Protein chains: 2
Amino acid sequence: MKILEDRIRRDGVMVSEDILKVDSFLNHQMDVALFAEMGREWARLYAGDRVTKILTIEASGIGMACVAAEQFGCVPVVFAKKSKSRNVTGDMYTAKVESFTHGQVNDIIVSKKYLQPGDRVLIIDDFLANGAALQGLISLVEQAGATLVGAGIAVEKAFQPGGERIRAKGVRVESLAKIKSMGVGSIEFC
Amino acid sequence: MKILEDRIRRDGVMVSEDILKVDSFLNHQMDVALFAEMGREWARLYAGDRVTKILTIEASGIGMACVAAEQFGCVPVVFAKKSKSRNVTGDMYTAKVESFTHGQVNDIIVSKKYLQPGDRVLIIDDFLANGAALQGLISLVEQAGATLVGAGIAVEKAFQPGGERIRAKGVRVESLAKIKSMGVGSIEFC
């Protein structure tokens, strides 16, 4: 998606070969006009897939998921919560997610009430790198017996293995900007 | 705001005299059509106040803040992050927020880059009870030297002291549903 790639080139900060900061428009300060454009693109890509629910994960996925949901006829958005210490009761689906940045394992949880077998779920998240968060979200959908329509990702680091692994399982992943390679101050898209 | 009050009556769960669960439409599963209505109401209330930025706090404020921002001409949304252990560097504004639910004190932080003296800031959050989170967000705006236009709150527990205290300081607070009193299974709005 050209406008997202252009925005990353202009306002993203390429800190190293694998660290990209987009906190001026994507995940600390948020450009909701851009989110609406991204939502329109995901809605175009998943037109005809009868999405009934969008699933995301706190915190940085929530804004783009909610604005995108308006482009899917205002389907409900559910966000998985990160939980390290909380007592997970029987009314929650839970999955383990290892953070490669922080090196710790978190549970992510979602109430069973809000993922149902009849749901056709689109997962939306800001980044896909090693795929740990996305794998966890897919597991929540599977536990619910819901139908996974696919995933809409803002930025995929295509030089890390998450996207390839998850597509190899037959999951449709639509990333709006796919980074082929990065260096300090430089970036190349696929 | 009648549609929010009606929705709370219909789908909210009044657990006790001070616990209201709205996780089916406000803060776990989210109704973005309702968020858009709420955004329109805040935009009507703050019309003419030239809001340039919306500030909220993770996680449950983010969705409604982003959808509301579309009704304010797509102004940028910034969310404060909760930080218990992180090293807060000099490029962050920080405030302490005591959680009355969990009894612990968290720092909330926002990058100095995204709150500037020229900003006219509307704070948006889902709940106002004792006012700790809102006080913290107001402090961040003050530290930045930005202009605080006011606060847009979804649900105010008017029987708790936060709203009164903050209004007494001269801050405009517009709550779309103000709860006068609650009991198990019952609720009365102001």
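Bear in mind that the values here come from a model prediction, so they are computed numbers and not experimental data. Each chain gets a letter, A, B and so on, in the order its sequence line appears, and its residues count up from 1.
If you take OG on Ser60(A) and NZ on Lys81(B), they are separated by 7.5 Å, rounding to the nearest 0.5 Å.
Heavy-atom pairs under 4.5 Å with chain B peak, among Asp31(A), Val75(A), Asn27(A), at Asn27(A). Note on Ile54(B), Val77(B), Val78(B): by heavy-atom pairs under 4.5 Å with chain A, the leading option is Val77(B). Highest contact tally toward chain B, considering only His28(A), Met30(A), Glu70(A), is held by His28(A) [criterion: heavy-atom pairs under 4.5 Å].
Other residues, nucleotides and ligands contribute more than 12 heavy atoms inside 6.0 Å of the CD atom of Gln116(B). The number of heavy-atom neighbours closer than 6.0 Å to CD of Glu17(A), taken from other residues, nucleotides and ligands shown, is 12 or below. The environment of CD in Glu98(A) is crowded: more than 12 heavy-atom neighbours from other residues, nucleotides or ligands sit within 6.0 Å.
Ala65(B) does not touch chain A: none of its heavy atoms, backbone or side chain, sits under 4.5 Å away. Heavy atoms of Ser24(A) lying under 4.5 Å from chain B belong to its backbone as well as its side chain.
In this structure, Val97(A) is not a member of the same hydrophobic cluster as Ile124(A), with clusters built from ILVMFWY side-chain heavy atoms closer than 4.5 Å. Cluster annotation: Leu4(B) and Met14(B) are assigned to the same hydrophobic cluster (Ile/Leu/Val/Met/Phe/Trp/Tyr, side-chain heavy-atom contacts under 4.5 Å, transitive). Ile179(A) and Phe127(A) fall within a single hydrophobic cluster, where Ile, Leu, Val, Met, Phe, Trp and Tyr side chains are chained together by heavy-atom contacts under 4.5 Å.
Checking Lys53(B) against Gln29(A) by side-chain atom types alone, a donor-acceptor pair falls below 3.5 Å.
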Show, in sequence, the C-alpha distance, side-chain angles and deciding distance for Tyr114(B) and Asp23(A), and conclude whether the side chain to side chain contact (heavy atoms under 4.5 Å, CB included) test is met. CA-CA 9 Å; Tyr114(B) 308 129; Asp23(A) 61 357; 2.9 Å; yes

